[in-house]
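First comes the structure, then the notes that go with it.
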Amino acid sequence: MAAQKDQQKDAEAEGLSATTLLPKLIPSGAGREWLERRRATIRPWSTFVDQQRFSRPRNLGELCQRLVRNVEYYQSNYVFVFLGLILYCVVTSPMLLVALAVFFGACYILYLRTLQSKLVLFGREVSPAHQYALAGGISFPFFWLAGAGSAVFWVLGATLVVIGSHAAFHQIEAVDGEELQMEPV
């Protein structure tokens with residue numbers, strides 16, 4: 001915890017606090033706090049992509065050890081790789097952009113409508129959760145036509161391949177306080 005505060009102070013001294021780097025569209029709350037923690041614990045990208053640190057594991061034991069330790073060590077970097085793949089998938093699919101625009105447009109219209117007055121259908125007040133479900137129902141055909149299901153599975157598959165191969169072939173970082181381990185002969 002103290003190390004995170006020191007990192008934040010160093011970043012603020014450089015004028016790069018995590019709160020100034022986060023988009024203003026993300027409301028304060030659990031999501032924003034989670035994203036701030038991820039940004040605070042991100043490892044340097046230069047060590048993350050350093051080609052000299054990649055090698056083939058000697059055996060299955062080392063492969064498993066690399067997978068576990070690298071996923072643990074580079075967890076925040078992997079989150080941003082995942083977010084980058086999502087962004088790539090959305091930007092390269094125009095129909096998916098249209099479907100997202102329809103969904104967020106419907107949500108925004110419902111939001112503006114609830115600011116003016118409560119939405120009443122058939123004599124009953126409609127809760128915000130039901131209103132957003134209605135927005136999802138309206139935009140579902142657009143998502144179906146855009147192939148959102150295949151996009152989701154593409155992102156998951158690409159993430160598993162990219163992160164899995166990085167974690168498997170990237171040499172383990174030395175951690176302070178690491179126990180001395182015997183290598184198999």
Side-chain angles (χ1 to χ4, degrees), residues 1-57 60-97 99-101 103-104 107-108 132 135-136 139 143 146-178:
M1 189 73 167
Q4 288 178 349
K5 288 183 181 179
D6 290 338
Q7 286 177 346
Q8 284 180 341
K9 287 179 183 177
D10 291 341
E12 287 174 3
E14 296 174 6
L16 299 173
S17 70
T19 54
T20 60
L21 293 174
L22 289 175
K24 301 291 185 205
L25 295 174
I26 299 174
S28 60
R32 185 177 188 98
E33 291 173 11
W34 180 82
L35 193 58
E36 286 176 355
R37 279 189 310 233
R38 288 288 146 240
R39 289 186 77 130
T41 59
I42 199 163
R43 304 296 178 179
W45 288 102
S46 58
T47 60
F48 183 75
V49 296
D50 185 12
Q51 292 180 356
Q52 295 180 356
R53 293 180 184 243
F54 285 91
S55 67
R56 202 182 100 212
L60 185 61
E62 184 181 2
L63 173 74
C64 293
Q65 185 180 20
R66 282 185 182 190
L67 284 171
V68 170
R69 295 272 304 277
N70 281 333
V71 166
E72 201 174 278
Y73 187 77
Y74 288 114
Q75 183 179 23
S76 294
N77 295 67
Y78 292 147
V79 167
F80 285 103
V81 167
F82 174 69
L83 293 174
L85 287 170
I86 289 174
L87 185 66
Y88 171 78
C89 185
V90 169
V91 169
T92 58
S93 175
M95 191 61 187
L96 194 54
L97 283 171
L100 286 170
F103 175 70
F104 287 120
C107 288
Y108 185 68
Y132 292 122
S139 59
F143 282 114
S150 62
V152 167
F153 286 109
W154 180 88
V155 168
L156 291 176
T159 301
L160 286 174
V161 168
V162 169
I163 291 174
S165 60
H166 181 274
F169 293 110
H170 195 273
Q171 294 174 354
I172 297 172
E173 295 289 326
V175 179
D176 294 336
E178 183 178 316

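Please read these numbers as outputs of a predicted model, since none were measured by experiment. Residue indices begin at 1 and follow the sequence shown.
Considering only residues two or more places apart in sequence or on other chains, Ser76 meets the side chain to side chain donor-acceptor pair (under 3.5 Å) condition with Arg38, Thr41. Residues forming a side-chain contact (heavy atoms from CB on, under 4.5 Å) with Tyr88 (at least two apart in sequence, or on another chain): Thr92, Trp154. Partners of Ser93 under the side-chain contact (heavy atoms from CB on, under 4.5 Å) rule, at least two apart in sequence or in another chain, are Leu96. When the side-chain contact (heavy atoms from CB on, under 4.5 Å) test is applied to Val71, the partners found at least two apart in sequence or on another chain are Tyr78, Ala167. Remark: Ser55 engages Arg66, Gln171 in a side-chain contact (heavy atoms from CB on, under 4.5 Å) (not counting sequence neighbours). Applying the ring-ring contact (aromatic ring centres under 6.0 Å, His included) criterion to Phe103, with sequence neighbours excluded, gives no partner residue.
Note that CD of Glu62 is 11.0 Å distant from CZ of Arg69, once rounded to the nearest 0.5 Å. In this structure, CD1 in Ile163 is found 13.5 Å from NE2 in His170, a value given to the nearest 0.5 Å. To the nearest 0.5 Å, atom OG1 of residue Thr159 and atom CD1 of residue Ile86 are 7.0 Å apart.
Looking only at side-chain heavy atoms (C-beta outward), Arg53 and Phe48 stay at 4.5 Å or farther from each other. Val152 has its side chain out of reach of Phe143: every pair of non-hydrogen atoms, C-beta onward, lies at least 4.5 Å apart.
Annotation for Leu156 and Phe82: closest pair CD2-CE1, 4.5 Å, computed over non-hydrogen atoms. Of all heavy-atom pairs between Ser139 and Ala99, the closest is CB-O, 4.4 Å. Of all non-hydrogen atoms in Ile42 and Asn77, the two that sit nearest each other are CG1-OD1, 3.5 Å. Of all the heavy atoms in Leu63 and Ala168, the pair that sits closest is CD1-CB, 3.4 Å.
More than 12 heavy atoms of other residues, nucleotides or ligands shown are found within 6.0 angstrom of CZ on Phe54.
Looking at Arg43, its side chain does come within 3.5 Å of a backbone N or O of Tyr73 through a donor-acceptor pair.
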